[in-house]
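Please read the structure below before turning to the comments.
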Amino acid sequence: QVQLVESGGGLVQAGGSLRLSCAASGRTFNYAMGWFRQGPGKEREFVAAINWSGSNIYSEDSVEGRFTISRDNAKNTVYLQMNSLKPEDTAVYYCAVSGALSRYEYRYDYWGQGTQVTVSS
């Protein structure tokens with residue numbers, strides 16, 4: 001079992017920045033982690049993912065160059081640094097754990113409760 005707790009969401013103006021954190025506990029060795037988001041009236045979508053060593057990263061096209069995923073395995077924590085935020089980035093952001101690096105929700109076994117990010121125009 002793995003437990004995930006996200007933090008760092010909030011309200012920010014367009015062009016601003018936020019850093020999300022996701023702390024993992026439980027069986028946390030050698031896993032990939034991903035961030036997904038679900039905007040108002042939308043389906044949940046992939047944002048970014050990182051493998052255990054941090055050597056391989058996937059990012060969704062719309063956040064490429066603005067969002068950066070990273071991890072600190074000593075702290076069992078993954079981060080999502082979000083810069084140049086846009087109103088369309090407004091969503092509940094979820095972190096998740098997978099046995100392998102993937103863009104696909106079905107590959108992720110454990111999910112956090114989500115943290116709200118709201119970007120005002």
Checklist entry - Between S102 and Y58, is a side-chain contact (heavy atoms from CB on, under 4.5 Å) present by the stated rule, with each step listed? => result CA-CA 8 Å; S102 176; Y58 295 163; 5.6 Å; no
Contacts satisfying ring pair (Phe, Tyr, Trp, His ring centres under 6.0 Å) that involve residues 66-107 (not counting sequence neighbours) are none
To the nearest 0.5 angstrom, please state how far the [atom1] atom of [X] sits from the [atom2] atom of [Y].
X: M82; Y: L18; atom1: CE; atom2: CG; result: 4.5 Å
X: E6; Y: C22; atom1: CD; atom2: SG; result: 5.0 Å
X: D89; Y: T118; atom1: CG; atom2: OG1; result: 11.0 Å
X: I57; Y: L101; atom1: CD1; atom2: CG; result: 9.0 Å
X: R103; Y: S98; atom1: CZ; atom2: OG; result: 13.5 Å
X: E88; Y: R37; atom1: CD; atom2: CZ; result: 8.0 Å

Main-chain N/O of [Y] paired with [X] side-chain donor or acceptor, under 3.5 Å:
X: N51; Y: A32; answer: no
X: R71; Y: T77; answer: no
X: D72; Y: V78; answer: no
X: E60; Y: E64; answer: no
X: Q81; Y: T68; answer: no

For A48 and L80, the nearest pair of non-hydrogen atoms, with its separation, is CB-CD1, 4.4 Å
Heavy-atom nearest pair, G114 first then V92, reads CA-CG1, 3.8 Å
If you group Ile, Leu, Val, Met, Phe, Trp and Tyr by side-chain heavy-atom gaps below 4.5 Å, do [X] and [Y] land in one group?
X: Y108; Y: W35; result: no
X: Y110; Y: F46; result: no
X: W111; Y: V5; result: no
X: V117; Y: V47; result: yes

In I69, N76, L4, the residue satisfying side-chain contact (heavy atoms from CB on, under 4.5 Å) with M33 is L4
| message | Any non-hydrogen side-chain atom of Q13 less than 4.5 Å from a side-chain atom of L85? | response | no
Check: Between the side chains of Q3 and S25, is a donor N or O closer than 3.5 angstrom to an acceptor N or O?
Finding: yes
Applying side-chain hydrogen bond (donor to acceptor under 3.5 Å, both in side chains) to S121 and not counting sequence neighbours gives none
Audit row: Q38, E45, side-chain contact (heavy atoms from CB on, under 4.5 Å) steps and yes/no
CA-CA 6 Å; Q38 187 167 19; E45 64 177 0; over 6 Å; no
Given the rule in the side-chain contact (heavy atoms from CB on, under 4.5 Å) test, do V97 and D109 qualify, once you have shown the distances and angles that lead to the verdict? CA-CA 6 Å; V97 165; D109 302 308; 5.9 Å; no
Contacts of R44 meeting salt bridge (charged side-chain N to carboxylate O under 4.0 Å, His left out) (sequence neighbours excluded), chain-then-number -> E105
| said: Walk me through whether T115 and L20 qualify under side-chain contact (heavy atoms from CB on, under 4.5 Å). | reply: CA-CA 8 Å; T115 186; L20 305 184; 4.0 Å; yes
